[in-house]
Amino acid sequence: MIAHIARKERTEMWRDGRFRVASVALLLLLMVALLTGLTASRSTAQDHESAQNAMRGFWVNQGAKNPHSAAHYGLWVFKPSLPLSFADHGVDAYTGVTTWLEAHKQNEFTRRPAMDRPNVARFGEWTAAAVLQLLVPLLIVMLAFPAFAGERDTGTLRQLAAIGVPVRTLMLGKAAGIASALAVVLIPATLLGVATLWLGANGGRGVDDLMRFAMLSVTYLLYFAVLLVLALVVSARSRNVRTALVLLLGFWTLNSLVAPRAVADLARQVYPTPSAVAFQAAMQKDIEQGLDGHNPADARRKAVEAQALREYRTVSLEALPVNFDAIAMQASEEYANTVFDHHFGALYDRYRAQNTLTQWAGLVSPLLAVRSLSMGLAGTDVEQHRHFAVQAELYRRGLIKWSNDYFRDNTRTGEWDWKAPPELWAKYPPFTYEAPLLGHALGAQRTAMLVLGVWLLLSLGLLVRAPALPVV
Amino acid sequence: MSPSASPVAPDAAHAARPISPRLVARGLTKHYGEGTALDALDLTIATGEVYCLLGANGAGKSTTINLFLKFVAPSAGVAEVCGIDVTRDPLGAKKHLAYIPETVMLYKQLTALENLEYFAGLAAAAPLSRDALVSHLREVGLRDQEIRQRVGGFSKGMRQKVGIAIAVARQADVLLLDEPTSGLDPKASNEFSALIGQLRDRGAAVLMATHDLFRAKESGTRVGIMKRGRLVAQMATADIGHADLEQLYLTHMHD
């Protein structure tokens, strides 16, 4: 009987021209989003790769130079985008994708398009995620709002009740009917996604990418199922079509447009992060005065000096067989690193707290949990950004230490004019980055998965314990 | 509808009688807040009977039908369809029922045939054959091109015919009709009554709420007059002339 009802729903929807227009339009929009996403991510990846290669070229060919000058010369590194990032750009526009590695400083990321755009542009990025998060739910609302309320308005619901169709059967039949109509859009979309992934893939991590894509698809499908059941229940309980439509559009607006902004603001209120200026100033202060405020830089330098003299059993810096300037630079580098770890660690922990709060807020607005999962699976969330930032910073520290050590061992104190041979720079390996695997990505999404699970159980419950329909 | 399709009578005493009761109300009562929509209705309608309920708006005619359909729960008393207590087993009772409202509502995107297929198929154990459905629609007087036409532009008379076809296809033993002919032109009204007569001849029990005294006299076997939730008079139509029925009705309506 469920198939019987589903078939009738499908026939009605199909004959209603609005559905055909909407589904074709949606499919076209999704196609455009996927294709532009693919070409954009391909060209960005090429740009980044050639820029990073050029940087490496500059580094290797910088000629005879003092190692410390070379460390100041520094280099740019770029966060490689995962193949799936075409589907969801996540926080890339806010966090940036490239950073400048140089001596003494852990720089923040730059190339943040969001900085150059007005606030309205938050909704302007035309990715597949935008279509799936905004437009497909709108289509579900459009298909489901009259399911019961419309039949109540026209009076057919009364006739169905007279025949004695159980509400649960009717609910399941209508859900199946609308789902099969949605499949007309979603199945080609999924195939298109796979094709795009396949076209955009540059080998190596195929299985992980496919698993990410599969989970991404399942996440969105479950989300749509939840929305469909909620929409049907609202339609069943609404007095008339207009009420159902107003309620569902209200929910859509709150869930899709209001909640993401409001909760982001709330998260920033609850877990504020310092401004870029204040953040830099605080790190500078800790480097100068010591993390505890009682260990200033000159005192630390004296301690390093005393230790060097003790170690090499000499009484003066001039008598050292190595370059004390290099030793002192590395020591201050290492002290600065603990300061960076402290501040950047605290900053990212704040971001994590903000994100966890946002995921919990998914209990009110399920899209928040889905957005989080979507970014996480596409590899564009804050946690995976942090992973890259940490790897880049470790590379910077290794590079600076390598140049300081070379300077220390090959010169004596004060030999600032000494130049390292030009072939030296190629000896330090180039930066490579392995993006984290799915398991790491999911670790940051536990709350989101839990929240989505709660919504699933809720909608299953609503489906099974379908309410009696008021018909009179 | 063949007599063999009718359900087994609830007990031997009933089975022994030539006609078996299909609709039974015993002390059936419905209160809405302070008001009483239906007050201790006792009514028995047997197979082959067309019982017409007359009365002003708000007299309790529709409430009676809604109680048999379990659209509302009774405050007291029992409503039975083919021996099944409607409150205890509403789905079981509804298997025997067909309901035709003032205007039969159909899905305008579907053809007459598809509407019939949907409504009749909802409670059917096995899929219905298309040929049988088409012949049901022909029986109620739809032309072949109308059968395959979307019902968006159907007149009320055509909708009522589809409603009867649904009742026929579902092999309903009992028909509940709520002012089914109001607003129909005399010809359509006459056709509708003829169809009801055919169903009655095949053994259906019919309860029809109506304002149309002429129609009640013509197609009813019995009439009952309701006033403020009470059944104040009932008689066989064979025993009363049309003018007398009208006089009786007006007498009761007059306070």
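Each chain gets a letter, A, B and so on, in the order its sequence line appears, and its residues count up from 1. Owing to the predicted nature of the structure, the values given are computational and were not obtained by experimental measurement.
- A donor atom on one side chain and an acceptor atom on the other are not found under 3.5 Å apart for B:T63 and B:N66.
- Heavy-atom distances place the side chain of B:L91, and not its backbone, under 4.5 Å from chain A.
- Taking 4.5 Å as the heavy-atom cut-off, none of the residues of residues 152-165 of chain B approach chain A.
- Using a 4.0 Å cut-off between charged nitrogen and carboxylate oxygen, B:E117 and A:R7 do not count as a salt-bridge pair.
- Every side chain to side chain contact (heavy atoms under 4.5 Å, CB included) that A:A144 has, sequence neighbours left out, goes to A:I178, A:L228, A:A231, A:L232.
- Evaluation of the side chain to side chain contact (heavy atoms under 4.5 Å, CB included) rule for A:L245 yields A:F145, A:L249 as partners, not counting sequence neighbours.
- Contact tally against chain A (heavy-atom pairs below 4.5 Å) for B:T103, B:L122, B:L69: the top residue is B:L122.
- When each of B:E114, B:K94, B:M105 is scored by its heavy-atom pairs under 4.5 Å with chain A, the top score falls to B:M105.
- There is no contact between B:P90 and chain A, counting heavy-atom distances below 4.5 Å.
- With sequence neighbours left out, A:R20 forms a side chain to side chain contact (heavy atoms under 4.5 Å, CB included) with A:W14.
- Using a 4.0 Å cut-off between a side-chain N of Lys or Arg and a carboxylate O of Asp or Glu, B:E80 and B:R26 qualify as a salt bridge.
- A donor-acceptor contact shorter than 3.5 Å links the side chain of B:D185 to the backbone of B:A188.
- Side chains of A:S180 and A:R10: a donor on one and an acceptor on the other come within 3.5 Å.
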